[in-house]
Amino acid sequence: MKHIKRLFVIAMFIITLVIGSVAIKGYVNYNYILDEIGLEKTIDRIVMKDDFVSIENVSDTLVDAVVSTEDKRFYEHNGIDMLSIGRAIIIDIRHMEYKTGGSTITQQLAKNLFLSFDKTLERKATEYFIAKKIERLYSKDEILSLYVNVINYGEGCFGIQSASDHYFSKLPSELSDSEAILLSGLPQSPANLSLSKYYDNAVVRSEVVIASMINNDVLIEKEATRIIAEIKEGLLDE
């Protein structure tokens, strides 16, 4: 029993050292981004672009779909959702691999703005500090606006204005429910959900989005049935 306790103490000590080292490296990277790149300057440049669209001018259905699917507690947390992280850790342990990171919309925004997509602890630590800073500086609506304006929708489209125009020749505010839900699902895997190449995959992803919206009480079953039928048949507004 003494040997087991000793091994446990040693293991906890090593884990603490690793976590501390990762946190320090993440904080150093975070400060470099603040000092050398400029968080607020970067965001100001995005907001000043001609194709920037505030969240008030984006389809309500797309907003509901994004929040329900990507971060249903978005309006409740302060950039980091410990419940989602806990669930992600359990899933990763169960599958013995890094399958999901439990990232919030704010963390995803931080990653898209400043970081690589490498699945490393150092990157996650940096992402954590940036997300907390973004939440201190910007409102939830501002964060959501930034998110939909920088993410990849596939086929060379970055941002909701580009995606709405490319796929449907519409403004983001003019999207039908079907179109909005299709677009909201694309950032999960832009290359594999291309509407022109892999429409069947996009349909499956749309079903996941719709299920999340129903669970989040922003879509009723009757409307969901109509929307998914339109998506499956390709009967989108011209």
Original post:
What do you reckon, is NZ of K25 surrounded by more than 12 foreign heavy atoms closer than 6.0 Å?
Top reply: no
**OP:** Taking the side chain as every heavy atom from C-beta outward, state whether Q161 and L171 have any atom pair closer than 4.5 Å.
**Re:** yes
**OP:** Rounded to the nearest 0.5 Å, what's the gap from CD on E36 to CG on N29? Could you check?
**Re:** 12.5 Å
Original post:
Out of curiosity, T61 OG1 to E223 CD, how far, rounded to the nearest 0.5 Å?
Top reply: 9.0 Å
Subject >> CD1 on I160 to CG on L183, rounded to 0.5 Å >> reply: 5.0 Å
Subject >> Heavy-atom side-chain proximity of I43 to E40 below 4.5 angstrom >> reply: no
Subject >> Donor-acceptor contact below 3.5 Å, side chain E70 vs main chain V67 >> reply: no
Original post:
Do you reckon Y167 sits in the same ILVMFWY cluster as V203, going by side-chain contacts under 4.5 Å, direct or chained?
Top reply: yes
Original post:
In Å, rounded to the nearest 0.5 Å, how long is the span from NZ of K49 to CZ of R45?
Top reply: 9.0 Å
Original post:
Any side-chain heavy-atom pair from H77 and D71 closer than 4.5 angstrom?
Top reply: yes
Subject >> Between OG on residue S59 and CG on residue D177, distance to nearest 0.5 Å >> reply: 6.5 Å
Original post:
Within a strict 4.5 Å, meaning less than it, do heavy atoms of the R123 and K111 side chains meet?
Top reply: yes
Subject >> Side-chain heavy atoms of E179 within contact of L182, under 4.5 Å >> reply: no
**OP:** Show your working on side chain to side chain contact (heavy atoms under 4.5 Å, CB included) between L186 and L195 and close with a plain yes or no.
**Re:** CA-CA 9 Å; L186 300 184; L195 297 188; 3.9 Å; yes
Original post:
Under a 4.5 Å cut-off applied to non-hydrogen side-chain atoms, are F74 and V66 in contact?
Top reply: no
Subject >> Worked verdict on E135 versus K132 for salt bridge (charged side-chain N to carboxylate O under 4.0 Å, His left out) >> reply: CA-CA 5 Å; E135 287 273 345; K132 297 292 284 186; over 6 Å; no
Original post:
So do M213 and I181 actually touch side chain to side chain, heavy atoms under 4.5 Å?
Top reply: yes
**OP:** Report yes or no: do I37 and L137 belong to one cluster of Ile/Leu/Val/Met/Phe/Trp/Tyr joined by side chain heavy-atom distances under 4.5 Å?
**Re:** yes
**OP:** Determine, for Y30 and K133, whether the Lys NZ or Arg CZ falls below 6.0 Å from the six-membered ring centre while staying within 45 degrees of the axis.
**Re:** no
Subject >> Donor-acceptor pair, side chain of N216 and main chain of S212, under 3.5 angstrom >> reply: no
Subject >> Distance-only side-chain donor-acceptor flag, E122 / T120, under 3.5 Å >> reply: no
Subject >> Side-chain donor-acceptor pair present, S116, D118, cut-off under 3.5 Å >> reply: yes
Original post:
Has the side chain of E155 got a donor or acceptor atom that lies under 3.5 Å from a matching backbone atom of S196?
Top reply: yes
**OP:** Classify the side-chain pair K170/S176 by whether it contains a donor and acceptor separated by less than 3.5 Å.
**Re:** no
Original post:
Any side-chain donor paired with an acceptor under 3.5 Å for N57 and S173?
Top reply: no
Original post:
Do other residues, nucleotides or ligands put more than 12 heavy atoms under 6.0 Å from the CD atom of E221?
Top reply: no
**OP:** Drop me the distance from Q107's CD to I130's CD1, to the nearest 0.5 angstrom.
**Re:** 10.5 Å
Subject >> Identified ring-ring contact (aromatic ring centres under 6.0 Å, His included) partner of F129 from the options Y32, F114, Y27 >> reply: Y27
Could you go through residues 143-153 and list every donor-acceptor pair under 3.5 Å that involves a side-chain atom there, pairing it with any protein atom two or more places apart or in another chain?
| unit_1 | atom_1 | unit_2 | atom_2 | d |
| --- | --- | --- | --- | --- |
| S145 | OG | I55 | N | 2.8 |
| S145 | OG | D141 | O | 2.9 |
| Y147 | OH | Q108 | OE1 | 3.1 |
| N149 | OD1 | V53 | N | 2.9 |
| N149 | ND2 | V53 | O | 2.6 |
| N149 | ND2 | S145 | O | 2.6 |
| N152 | OD1 | G154 | N | 2.7 |
| Y153 | OH | V148 | O | 3.4 |

Original post:
Can you find a heavy atom in the side chain of N201 that is under 4.5 Å from one in the side chain of R205?
Top reply: no
Original post:
Are Y75 and I134 co-members of a hydrophobic cluster defined by side-chain heavy atoms under 4.5 Å apart?
Top reply: yes
